[in-house]
Asks: 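Dropping the structure in here first, questions after.
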Amino acid sequence: MRRLPGVVLLGALLVVVPARAQTFRYASTGDLLTLDPHSADEALSNSFKNNIYEGLVRFNEKLEPEPALAVSWKAVNPTTWRFQLRKGVTFHDGTPFTADDVVFSWSRQKSKNSVMASHVSTIKSAKKIDDYTVEYVTEGPDPILLRNLTEHFIMSKTWCEQHATTEPVAGLSEETFATRHENGTGPFQVVERVPDTRTVLVPFPKWWDLPNKRYAITRAEFRPIANAATRLAALISGEVDLAYPVAPQDVARVEGQKGFRVIRRPELRVVFLGMDQWRDESLDMPGSKKNPFKDVRVRRAVYQAIDEEAIRAKVMRGMAAPTGLIIPENTEGYDAKLRERYPYDPAASRKLLAEAGYAAGFPVTLDCPNDRYINDEAICQSLVPMLARVGIKVTLNAQTKSKHFDKILRKSNNNTSLFLLGFSPETADAMATLLPVMTMKLEGSGAWNGGRYTNPKVEELVGQIRVEMDPEKRRKQIFEALKIHKEDFGHLPLHEQLIIWGARDTVDVVPDPRDRVQLRFVKMRQ
Amino acid sequence: MISGILTRLLQGLGVMLVVGLLAFAVSTKLGDPVNNMLGQNATIEERESMRRELGLDQPFVVQYARYLGRVVQGRLGVSYRLGVPVGELLRERLPASVELSGMAMLLTLLVGVPFGIFTAIRRRSWLSRVILGGSLIGLSVPTFLIGLLLIFLFAVQLQWLPSSGRGEVVSLGPWTTGLLTASGLRSLLLPAITLALYSLALLLRLVRGELLDVLHSDHIRFARARGLPERSIHYRHGLRNALLPVITVAALQLGNLLAFSVVTETVFQWPGMGLLFLQAVQFVDVPVISSYLLLAAVAFVLINLVVDVSYRVLDPRVRSTVGGS
């Protein structure tokens with residue numbers, strides 16, 4: 001018989017005894033940083049927010065917006081949105097949810113200290129019309145407002161005022177009550193939290209969506225386990241029911257274990273290469289007065305020298321979906337017609353290099369993280385000989401993500417010639433990639449455009465996509481922008497990595513493409 | 001004696017200043033914390049403004065001066081990662097680390113010293129050979145590997161002990177302890193053994209070596225000649241003289257166990273300061289990194305002080321020569 005650790009036994013005694021079978025225990029790499037939904041914008045913390053807090057709108061499992069705390073909405077004019085709020089919703093502490101909470105949460109999330117401000121930054125003002133009607137006025141027409149509202153978390157005004165936490169904490173300010181306590185409207189409430197050890201949740205008995213609930217658990221315990229081998233051990237020894245991520249090399253180990261399986265699906269993230277397209281002289285060729293990557297033939301040559309199929313099969317052990325498009329599937333604006341990759345063709349690659357005047361190749365440093373994406377360093381290592389075959393002498397510079405991002409982003413003046421990046425449009429709309437990755441000239445653009453790719457036509461289109469309210473027209477514009485970018489070889493997409501979760505057979509879960517475990521989609525079978 | 005201690009404390013202060021500077025210099029070279037604090041949706045302008053707010057746009061000297069000013073006032077700052085005051089964070093994590101390293105130290109002493117004595121006295125016994133061979137494993141196999149092997153054996157295969165975490169803890173005022181619950185004790189076992197193994201092997205071999213040295217010295221030969229019983233020779237005359245260097249090494253090992261249990265804590269997800277430190281390094285959480293290193297320096301300075309004082313008590317020779325230097 002499987003032995004349960006004492007923690008679980010003791011914990012289970014606190015709830016009713018038959019509930020034990022429906023306790024869902026899961027583990028991931030780190031702990032959530034804070035319970036305050038406006039204080040951290042980090043993968044694990046973000047993955048937890050929807051268990052506790054909710055927005056006016058939420059994503060269904062296909063990442064399409066659906067009503068949550070708002071039952072309906074309509075655009076009064078292109079910049080004014082009126083939301084009809086759900087009646088009978090209560091916060092975990094029992095206070096009723098009204099329009100005041102929405103207006104308050106908007107100002108809290110938009111405040112100077114909030115790191116989640118980007119999701120509400122286009123909202124110029126919020127006005128309570130009556131207790132269950134709120135009006136948001138946006139700066140301009142905003143076609144992705146609804147998607148952003150899925151990350152606009154509603155807190156109780158009364159509760160925040162009572163506990164003096166009307167603003168989230170920022171870098172140097174002190175901790176507030178909301179860091180360690182929660183009071184959301186969401187499906188689960190926190191009953192115990194020991195940082196870096198465990199967070200225990202139970203279903204909220206007054207959740208508004210209880211009649212349609214899709215979860216079948218009576219208790220959830222989340223445990224951070226940083227070390228991948230220990231996490232795997234916890235899964236196989238039966239201490240947790242689900243562990244994620246599982247490294248590609250451990251998939252066989254989990255699948256070979258009776259009673260366990262691996263859940264996988266493409267993640268909402270594309271891993272790609274970026275190239276310096278703005279310096280007149282490459283960082284790696286001082287004195288040459290040349291930057292090879294300014295020539296589209298060179299960018300194409302690099303692309304066609306990469307054997308992505310080999311990367312998928314060997315480096316990723318099949319845990320990747322090769323793509324020629326910089327935005328992943330499940331994203332608004334995604335079009336399968338653009339997905340096809342240009343063929344792997346070293347001969348064509350060498351010819352292109354010769355035409356561009358680099359028949360003898362050129363030296364370049366490849367900047368790569370070694371702890372951010374699945375097998376990121378290994379991908380880069382495999383690129384070195386592939387590019388060497390066409391004459392490009394690659395020096396690999398793999399380092400920890402903090403140093404990598406520091407080097408390739410704006411703070412260090414985009415100090416890179418060639419880099420690996422994996423980007424996820426978290427709102428599941430193409431705009432989330434177009435603006436930060438593919439443009440330079442628009443307001444708020446370029447934060448992740450390490451090679452400063454820019455094309456006047458793309459800039460113009462993105463400016464239109466930003467305010468176009470007609471979905472069909474907008475999709476055409478996105479298609480156009482992505483097509484130009486693809487023909488420009490502005491970046492070189494490699495693949496969508498897969499999310500890989502290890503689970504007991506008794507766990508039934510809908511994996512979220514953002515690599516999030518949503519407790520409201522978790523069922524435990526007896 | 002008092003002036004000796006004062007001198008030591010002053011020297012300690014110097015050490016702390018140097019460590020403080022190094023810690024700060026190193027932690028500012030780990031990358032850009034702002035990028036970890038703000039999510040990927042932040043614009044370039046938002047990143048710049050956060051950087052200004054944290055003072056990260058200032059020259060290194062200014063940043064260091066500000067940091068020093070804060071530390072002198074007893075303010076260690078607020079964690080970039082968790083938004084919680086660093087002092088509080090360290091206080092919360094301290095019990096877990098102290099209990100882990102305390103238990104490891106206990107194992108080191110309770111096993112290392114007797115085994116060391118045994119292998120010195122019964123040099124040719126087969127058991128001595130086994131123990132000495134085993135101690136080589138403790139010295140040479142990396143900690144994380146030992147930890148993973150123990151997890152594999154006792155948690156996955158035999159399922160006797162939990163693979164990670166601290167189990168159920170009990171709060172005693174500001175202190176939390178896992179020593180009072182069955183699950184806490186069970187959870188402590190594997191990490192404590194993992195952490196202890198190196199220092200245990202080290203101490204065992206040291207005790208053996210020192211004792212062998214002493215047992216070959218003149219006063220032992222005279223004692224044998226006088227016909228004293230072997231027991232008295234080994235323990236009263238031999239061991240007492242062999243223990244001085246052992247105390248120094250054991251005390252420094254305690255410092256090591258306390259300050260550098262990073263690997264063990266990570267492998268076992270032990271919620272102590274070592275795990276906190278590693279996460280801080282990955283996030284470039286400068287206030288936590290520098291405070292932790294300062295704390296480690298304080299621990300070493302204090303331990304050294306205690307060792308010095310205990311020398312004066314234990315060894316009459318030190319008392320007469322080093323008196324007021």
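This structure is a prediction, so every number in the text was calculated from the model and none was measured. Chain naming here is simple, since letters A, B, ... match the order of the sequence lines and numbering starts at 1 in each.
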Asks: Check each atom of B:I151 against the heavy atoms of chain A and say whether the ones under 4.5 Å are side chain, backbone, both or neither.
Replies: side chain
Asks: If I measure from the heavy atoms of chain B, does A:A40 come under 4.5 Å with its side chain, its backbone, both, or neither?
Replies: neither
Asks: Report the option among A:I236, A:N227, A:V115, A:I225 that has the most heavy-atom pairs separated by less than 4.5 Å from atoms of chain B.
Replies: A:I225
Asks: Counting only non-hydrogen atoms closer than 4.5 Å, does B:L82 touch chain A with its backbone (N, CA, C, O), its side chain (CB onward), both, or neither?
Replies: both
Asks: Give, as side chain, backbone, both or neither, the part of B:A182 having an atom under 4.5 angstrom from any heavy atom of chain A.
Replies: neither
Asks: Relative to chain A, which of B:L30, B:N36, B:L89 shows the most heavy atom pairs under 4.5 Å?
Replies: B:L30
Asks: So, are A:R198 and A:E192 salt-bridged, with charged N and O less than 4.0 Å apart?
Replies: yes
Asks: What part of A:L409 is in contact with chain B, defined as an atom under 4.5 angstrom from a non-hydrogen atom: side chain, backbone, both or neither?
Replies: side chain
Asks: Between B:L38, B:V267, B:V284, which shows the greatest number of heavy-atom pairs under 4.5 Å with chain A?
Replies: B:V267
Asks: With only heavy atoms counted, which part of B:N41 is less than 4.5 Å from chain A, the side chain, the backbone, both or neither?
Replies: both
Asks: Could A:K401 and A:D371 be called an ion pair, given the rule that one side-chain N must be under 4.0 Å from one carboxylate O?
Replies: no
Asks: Got a donor-acceptor contact below 3.5 angstrom from the A:D406 side chain to the A:K403 backbone?
Replies: no
Asks: Where on B:F152 is there a heavy atom nearer than 4.5 Å to chain A: the side chain, the backbone, both, or neither?
Replies: side chain
Asks: Hey, which of A:S424, A:S45, A:P436 has the most heavy atom pairs under 4.5 Å with chain B?
Replies: A:S424
Asks: Sort A:H404 into side chain, backbone, both or neither according to what part of it lies under 4.5 angstrom from a heavy atom of chain B.
Replies: neither
Asks: Within a radius of less than 6.0 Å around CZ of A:F177, do more than 12 heavy atoms belonging to other residues, nucleotides or ligands occur?
Replies: yes
Asks: With sequence neighbours excluded, what pairs up with A:F48 under the ring-ring contact (aromatic ring centres under 6.0 Å, His included) test?
Replies: A:F222
Asks: Do B:R51 and B:D57 sit within salt-bridge range, that is, some charged N less than 4.0 Å from a carboxylate O?
Replies: no
Asks: Is it the side chain or the backbone of A:S445 that comes within 4.5 Å of chain B heavy atoms, both, or neither?
Replies: backbone
Asks: What part of A:R180 gets within 4.5 angstrom of chain B, counting heavy atoms only: side chain, backbone, both, or neither?
Replies: side chain
Asks: With a 4.5 angstrom heavy-atom cut-off, could you sort out which part of A:E443 is near chain B: side chain, backbone, both or neither?
Replies: neither
Asks: For the residue pair B:S187 and B:R166, confirm or rule out a side-chain donor-acceptor distance under 3.5 Å.
Replies: no
Asks: Using a cut-off of under 4.5 Å on heavy-atom pairs, state which of B:E45, B:E92, B:Q157 scores highest against chain A.
Replies: B:E92
Asks: If the plane angle is over 60° it's perpendicular, under 30° parallel, otherwise tilted; pick one for B:Y64 and B:F24.
Replies: tilted
Asks: Is the closest side-chain donor-acceptor distance between B:W175 and B:E99 under 3.5 Å?
Replies: yes
Asks: Which region of A:T179, side chain (C-beta onward) or backbone (N, CA, C, O), has a non-hydrogen atom less than 4.5 Å from a non-hydrogen atom of chain B, or is it both or neither?
Replies: side chain
Asks: Hey, are A:R516 and A:E151 close enough for a salt bridge, meaning a charged N less than 4.0 Å from a carboxylate O?
Replies: yes
Asks: Quick one: do B:D32 and B:R47 make a salt bridge, cutoff under 4.0 Å?
Replies: no
